[in-house]
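One structure is given here, and the rest of the page talks about it.
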Amino acid sequence: GAGVSQSPSNKVTEKGKDVELRCDPISGHTALYWYRQSLGQGLEFLIYFQGNSAPDKSGLPSDRFSAERTGGSVSTLTIQRTQQEDSAVYLCASSFPGLGPTETQYFGPGTRLLVL
Amino acid sequence: DQQVKQNSPSLSVQEGRISILNCDYTNSMFDYFLWYKKYPAEGPTFLISISSIKDKNEDGRFTVFLNKSAKHLSLHIVPSQPGDSAVYFCAASSEGGGADGLTFGKGTHLIIQP
């Protein structure tokens with residue numbers, strides 16, 4: 001597609017339920033990132049994939065969070081046993097690693113998660 | 001501990017004037033800096049970036065200045081237009097690529113008044 005897409009755009013769930021968020025990166029982008037933005041806060045980095053591999057998962061807030069990427073493309077972020085503090089906008093970004101020190105990341109529109 | 005700080009939550013500027021958004025950082029390992037613009041209900045959109053080997057980068061109405069000794073950068077928008085009203089995020093990264101992600105400030109809400 002032309003840009004990064006995320007689904008669903010909005011998700012309301014009850015505390016304790018599991019949710020799965022999906023990200024489709026820009027075609028050809030090998031790097032994929034997940035961020036979270038809580039109300040009034042900046043973007044908090046969660047996890048990075050290079051291809052299907054996530055070298056460091058320490059940015060995930062708790063062991064209720066997991067992420068995977070298959071085929072070097074689509075990624076899913078899963079939150080188990082959701083808590084009210086998980087309510088946030090979850091943003092996905094992708095990039096194509098170049099020769100410079102850092103490549104520009106392009107963001108999707110986000111998934112707005114509300115845990116009741 | 002916030003490594004990237006945007007101390008002004010909001011800024012109001014008259015249309016046609018210059019908008020100056022400021023950002024400070026504490027991590028001396030940061031060597032690449034970006035500005036993103038965000039409209040409500042949309043993801044951040046890349047605006048402009050600067051490498052630490054430069055002190056200025058210009059793209060049309062947007063100029064970013066970097067003062068490494070002060071660990072400070074600023075985004076200048078001139079002339080300001082109504083469509084510039086948005087939240088602006090400053091972000092930073094260190095060499096080694098994106099493995100650590102970008103570190104973002106909390107954003108400055110720019111309001112352009114007619």
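All chains are named by letter (A, B, ...) in the order of the sequence lines, taking the proteins before the strands, and each is independently numbered beginning at 1.
- Between B/F104 and A/E44 there is no side-chain heavy-atom pair separated by less than 4.5 Å.
- Remark: A/Q105 CD to B/S49 OG distance equals 11.5 Å, nearest 0.5 Å.
- One hydrophobic cluster holds both B/L66 and B/F62 under the rule that ILVMFWY side chains link at heavy-atom gaps under 4.5 Å.
- Proximity to chain B involves both the backbone and the side chain of A/L43, based on heavy atoms less than 4.5 angstrom apart.
- In the hydrophobic clustering of ILVMFWY residues, with side-chain heavy atoms under 4.5 Å counting as a link, B/L47 and B/F30 come out together.
- Nearest heavy atoms, B/K106 versus A/Q41: CE-OE1, 3.3 Å.
- Around the CD atom of A/E14, the shell of radius 6.0 Å holds no more than 12 heavy atoms that belong to other residues, nucleotides or ligands.
- Both the backbone and the side chain of B/A41 come within contact range of chain A, judged by heavy atoms closer than 4.5 Å.
- Counting heavy atoms from C-beta on, the side chains of B/K38 and A/Q37 come closer than 4.5 Å.
- Residue contact with chain B, scored on non-hydrogen atoms closer than 4.5 Å, is absent for A/F49.
- Annotation for A/L116: atom CG counts as buried by contact number, over 12 foreign heavy atoms lying within 6.0 Å.
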Under the side-chain contact (heavy atoms from CB on, under 4.5 Å) rule, what do A/Y35 and B/L102 come out as? Steps first, then yes or no, please.
CA-CA 9 Å; A/Y35 292 84; B/L102 294 172; 3.4 Å; yes
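- Summarising the geometry of A/L91 relative to B/P44, their closest heavy-atom pair is CD2-CD, 3.9 Å, with the distance given to 0.1 Å.
- Taking the centre of each ring, B/F46 and A/F107 stay at or above the 6.0 Å mark.
- Linking Ile, Leu, Val, Met, Phe, Trp and Tyr residues whenever their side-chain heavy atoms come within less than 4.5 Å leaves A/L32 and B/L34 in two separate clusters.
- When the side chains of ILVMFWY residues are joined at heavy-atom separations under 4.5 Å, either directly or via intervening members, B/L75 and B/L11 end up in a single hydrophobic cluster.
- More than 12 heavy atoms of other shown residues, nucleotides or ligands fall within 6.0 angstrom of atom CZ in B/R61.
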